[in-house]
Each structure stands twice: as structure tokens, then as C-alpha cells.
Colleague: 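Sharing a structure below in C-alpha cells format, with a few things to ask.
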Protein chains: 2
Amino acid sequence: MIMSIETDIKQKKFRSPYQRLALNLVYTSNWLGYKQLEIFKDYDITSQQYNVLRILRGQKSVPIKVSEITERMLDKNSNTSRLVDKLLVKNLAERKSCPNDRRAVDVVITKEGLDLLEKLDPFVEEWENRFSIISPDDAERFSALLDKLRESDNQ
Amino acid sequence: MIMSIETDIKQKKFRSPYQRLALNLVYTSNWLGYKQLEIFKDYDITSQQYNVLRILRGQKSVPIKVSEITERMLDKNSNTSRLVDKLLVKNLAERKSCPNDRRAVDVVITKEGLDLLEKLDPFVEEWENRFSIISPDDAERFSALLDKLRESDNQ
DNA sequence: AATAAATAGATGTTTATACATTAAATGTAT
DNA sequence: ATACATTTAATGTATAAACATCTATTTATT
């Protein structure tokens, strides 16, 4: 059964291919988000918390400041301070005072954090592999288009 | 200045073009969402409330049930009942009792609701026109890819 | 050095979201 | 017709998001 955005939001006509794409992008992104949530909720974390954990793991135990985490987040408006709080309570991350700048706070992932990510890896990979219905070239092209879309901001 | 997802989330390498695309899609969608929010907050509505209003306008004064609104929403998990509540308080929509099914509630957009949408139209169009940096054909292809992405659910 | 400005992060507060439950009306089965 | 299940919408509740404000520290200015 072929399900297009038309049937999904029960809209027969779109003003232009651009409107169709815009709505499809928002709709699909919401859909992807809920798919991700389904994965995470069994492990009692949110997508945002997961994003922080991934950034921390990428550091390979090199401490990273809260502000730097924010810079790497997919959602730039998220309150990283509170997200780290949540991870702290669950023993998934640790705060360390920053010697050279006492305003800053260094964050590191814990063993438990790494273990959780490892458990989640196969599911997230599966989530990501949805995209492999596209050819690698199309994926690159697609990605470049998204980059271009955001460019309209810095002219 | 060229800004790619790499610089935006300060990640140099991606596991595959698919991971790059997946993160880019989430990131860009968040970004688009905030751009939309900027438009709406001056008029004291949310993106979700706007979505409901658009659906109501599409009905051209033909009443529509709350459950049907939900089916047409871009975010399927939204609590339409509460969204309609908000619109009601602001006099942007009206509730009407449904004669043939007394469980259901019919909703219609008001004059004020239509006026608000008209004021927002140029801004939303501008938001949508970001996508016209792509060719119409690419937009169609892109949209078809998104449809295909969600297909993996119903096999 | 003293004052002002900027930065980092935490916190307060209001609103929205996620998820479950409830209540009423309708549909279905025996 | 009665009992049970389903649908429709509203509500309860805990958590998270959006946005502003505050405090401590560092940097810049005069």
C-alpha cells in the first residue's frame, strides 16, 4: 500500500511542490521523532538526553563544557544545563569543575552512560537505516539541499 | 559563507551519508520549526494552533469533528481537544454540537480566525518559499523520498 | 585598580507535551 | 433488550519546553 503525504494528512491538493515538500518535511520529521521516542522511552531517556549522551561519547572521555554541548546539539534551544542534570541523577554523566574557568562546568559520560548507549546502538542504527532505501548519492544530494535551505539565513 | 550540517553541529565525520542525512533532517526540521515559531509568537499562537486553523480554513465553513482534525494534523500526537480550547478562548474558532453523533463536537473557524490567517499568510508563504531554492522537480523527488521513508512502517 | 560589560551556567515560571484515565454516546453481539 | 466493546472528546498529571532572570566569574574599558 502506497502512503503519500496526501493520504497521511488527508490533503488532496497543495499550492505548489514546495508547499507539499514543506509539509512533508515537517510531518516526516515529527514521525521520525516519535519513532525515536519509542526506542528511548523503554530506557527512560528523551531524545534530547540521548543527543547529549552521544555528544559526550564522541568526546571519548575528554571533558566538554556545557556551552560546547549546546553548540553541538541538534536542537539549539534546548536547556543543556537541565539535560545534564537529568543525566547526572541517573548516573549517566558526571560534572567536573573546570580549573581554568570557574564559571564553566565540564561534563563526562560515565560507564553506565556508555553501557546505555551501547544497548541503544542497534535500535538507533535500525532507525537510521530507514534512510538506506535511498541511494547514497541521493542521500548526499538531499543533505546538501537541506544545508542550502538553511543558508537563506546568513545572506 | 557556506554553512553545512558539519559546522552547524560541529561534527566532522558521519558514519554514512545516511547518518548525515538523518541528523541533517532532524536539525533542519528543528530549525524550520523555530523559524515558524518566530512568525507566530507575535500573534500569540503556536505552530500547532496554526495547523488547526489552517485545517479549519480548508473546510470553508463546513464544520469538522475534532477527531477529523487530528487525522489531518502534521503532528498526529497532538491533543486537538486542548488546541481547540485555546482557539476558542481567543475567539478564533467555535464549537458546535454535532446533531447526528452527540459524542462528537463540530468545529468551525470564526471571522477573527480567518482574519488572523490572512495576516499570517504572507509570512508563512515567505517561510515556504525558502524551499524554492530547489527546482520543482527536485522538490517532487524529495517529497517522494520522504513518503518512501515512512513506508517502512506498513510492510 | 575600579567599573562596566560579557559569558557560563543555574533557576523560576508559565505554557505545552506525553501519556493515562474518565465519561458519555454509540455500535455490536448474544 | 441487555451486556460488552468501541468511539469521541475531555480532563488529570507528571514531565519537558520556552523564555526570562539571576548569580558568579571572567574579560574589557577607562
Side-chain angles (χ1 to χ4, degrees), chain A residues 26 29-52 55 63-90 93-108, chain B residues 26 29-52 55 63-90 93-108:
Chain A
V26 173
S29 169
N30 283 333
W31 183 86
L32 278 168
Y34 284 116
K35 285 289 156 195
Q36 217 179 42
L37 218 73
E38 276 176 31
I39 299 172
F40 297 146
K41 77 175 171 193
D42 292 336
Y43 296 88
D44 200 39
I45 57 166
T46 64
S47 299
Q48 304 273 49
Q49 288 169 27
Y50 176 77
N51 194 191
V52 174
I55 290 163
I64 181 173
K65 290 197 291 173
V66 173
S67 57
E68 284 170 29
I69 297 175
T70 309
E71 284 174 4
R72 300 189 186 187
M73 292 287 285
L74 293 172
D75 184 343
K76 294 296 180 209
N77 290 49
S78 51
N79 190 334
T80 310
S81 182
R82 279 210 178 97
L83 289 174
V84 170
D85 257 354
K86 297 283 157 59
L87 298 178
L88 208 102
V89 170
K90 297 177 210 163
E94 272 183 340
R95 262 199 263 258
K96 301 200 167 186
S97 56
C98 203
N100 48 324
D101 186 342
R102 289 191 299 159
R103 289 169 305 181
V105 171
D106 269 339
V107 185
V108 211
Chain B
V26 173
S29 168
N30 284 333
W31 182 85
L32 278 169
Y34 285 116
K35 285 289 157 194
Q36 217 179 42
L37 219 72
E38 275 176 31
I39 299 172
F40 297 147
K41 77 175 168 191
D42 292 336
Y43 297 88
D44 200 39
I45 58 165
T46 64
S47 298
Q48 303 272 52
Q49 288 169 28
Y50 176 78
N51 195 192
V52 174
I55 291 163
I64 180 173
K65 288 197 293 174
V66 173
S67 57
E68 283 171 29
I69 297 175
T70 308
E71 284 174 6
R72 301 189 187 186
M73 291 287 284
L74 293 171
D75 184 344
K76 294 296 182 210
N77 290 48
S78 51
N79 191 332
T80 310
S81 182
R82 279 209 177 96
L83 288 174
V84 171
D85 256 355
K86 298 283 157 61
L87 297 178
L88 208 100
V89 170
K90 296 177 210 163
E94 272 184 338
R95 262 198 263 258
K96 300 200 167 184
S97 56
C98 202
N100 49 323
D101 187 341
R102 287 191 300 158
R103 290 168 304 182
V105 171
D106 270 339
V107 185
V108 212

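Chain letters run A, B, ... following the sequence lines, proteins first, then strands; residues in each count from 1.
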Colleague: Is A/Ser81 close enough to C/dG9 that one of its side-chain N or O atoms is under 4.0 Å from OP1 or OP2 there?
Modeller: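 No, because none of the side-chain N or O atoms of A/Ser81 sits under 4.0 Å from OP1 or OP2 of C/dG9.
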Colleague: In terms of side-chain geometry, is the basic nitrogen of B/Arg95 or B/Asp85 positioned less than 4.0 Å from the acidic oxygen of its partner?
Modeller: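 Yes, this pair counts.
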Colleague: Take atom CG of B/Asn100 and atom C1' of D/dT7, then tell me their distance rounded to the nearest Å.
Modeller: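 Going from B/Asn100 (CG) to D/dT7 (C1'), I get 14 Å.
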Colleague: If we only count heavy atoms from C-beta on, is the B/Asp75 to B/Asn51 side-chain gap below 4.5 Å?
Modeller: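 No, too far: nothing below the 4.5 Å cut-off.
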Colleague: What I'd like to find out is whether the side chain of B/Thr80 reaches to under 4.5 Å of the side chain of B/Val84, using heavy atoms alone.
Modeller: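 Yes, close enough: below the 4.5 Å cut-off.
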Colleague: Could you tell me the separation between the CG atom of B/Leu87 and the P atom of D/dA10, rounded to a whole number of Å?
Modeller: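 My rounded result for the distance is 12 Å.
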Colleague: Quick one: B/Glu71 CD to D/dT8 C1', roughly how many Å, whole number?
Modeller: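 The distance from CD of B/Glu71 to C1' of D/dT8 comes to 12 Å, rounded to the nearest Å.
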Colleague: Any chance you could lay out the side-chain contact (heavy atoms from CB on, under 4.5 Å) test for A/Lys76 and B/Asn30, step after step, and finish with the verdict?
Modeller: CA-CA 8 Å; A/Lys76 294 296 180 209; B/Asn30 284 333; over 6 Å; no
Colleague: Give a yes/no answer on whether the side chain of A/Arg102 brings an N or O atom under 4.0 Å of OP1 or OP2 in D/dT23.
Modeller: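 For D/dT23, OP1/OP2 do not have a side-chain N/O of A/Arg102 under 4.0 Å.
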Colleague: Partner lookup for C/dA24, please. Criteria are Watson-Crick or G-U wobble with both distances under 3.5 angstrom; report none if nothing qualifies.
Modeller: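 Paired with D/dT7.
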Colleague: Pairs under 3.5 angstrom, nitrogen or oxygen only, protein versus nucleotides 14-20 of chain C, please.
Modeller:
{"residue": "C/dA16", "atom": "OP2", "partner": "B/Lys86", "partner atom": "NZ", "Å": "2.9"}
{"residue": "C/dA18", "atom": "OP1", "partner": "A/Tyr34", "partner atom": "OH", "Å": "3.3"}
{"residue": "C/dA18", "atom": "OP2", "partner": "A/Tyr34", "partner atom": "OH", "Å": "3.0"}
{"residue": "C/dA18", "atom": "N6", "partner": "B/Arg82", "partner atom": "NH1", "Å": "3.4"}

Colleague: Which atom pair, heavy atoms only, marks the closest approach of B/Tyr34 to A/Asn77?
Modeller: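 Taking every non-hydrogen atom into account, OH-CB, 3.2 Å.
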Colleague: Decide yes or no on side-chain contact (heavy atoms from CB on, under 4.5 Å) for B/Lys65 and B/Asp106, but give the supporting numbers first.
Modeller: CA-CA 5 Å; B/Lys65 288 197 293 174; B/Asp106 270 339; 3.5 Å; yes
Colleague: Output the rounded distance in Å from CG (B/Asp85) to C1' (D/dA10).
Modeller: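 From B/Asp85 CG to D/dA10 C1': 8 Å.
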Colleague: How many Å lie between CG on A/Leu88 and C1' on C/dG9, as a whole number?
Modeller: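 Distance check: A/Leu88 CG to C/dG9 C1' gives 14 Å.
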Colleague: Identify all pairs in which a protein N or O lies below 3.5 Å from an N or O of nucleotides 2-8 of chain C, and state each distance.
Modeller:
{"residue": "C/dT7", "atom": "O2", "partner": "A/Arg103", "partner atom": "NH1", "Å": "2.8"}

Colleague: Rounded to the Å, how far apart are A/Asp44 CG and D/dA14 C1'?
Modeller: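 Roughly 12 Å, once rounded to whole Å.
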Colleague: Start with the C-alpha distance between A/Val52 and A/Lys86, add both sets of side-chain angles, then the distance that settles side-chain contact (heavy atoms from CB on, under 4.5 Å), and finish with yes or no.
Modeller: CA-CA 11 Å; A/Val52 174; A/Lys86 297 283 157 59; over 6 Å; no
Colleague: Please step through side-chain contact (heavy atoms from CB on, under 4.5 Å) for the pair A/Leu83 and A/Met73, ending with a clear verdict.
Modeller: CA-CA 11 Å; A/Leu83 289 174; A/Met73 292 287 285; 3.7 Å; yes
Colleague: Quick one: are B/Ile64 and B/Arg72 in side-chain contact, heavy atoms under 4.5 Å?
Modeller: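 Heavy-atom side-chain distance check passes, below 4.5 Å.
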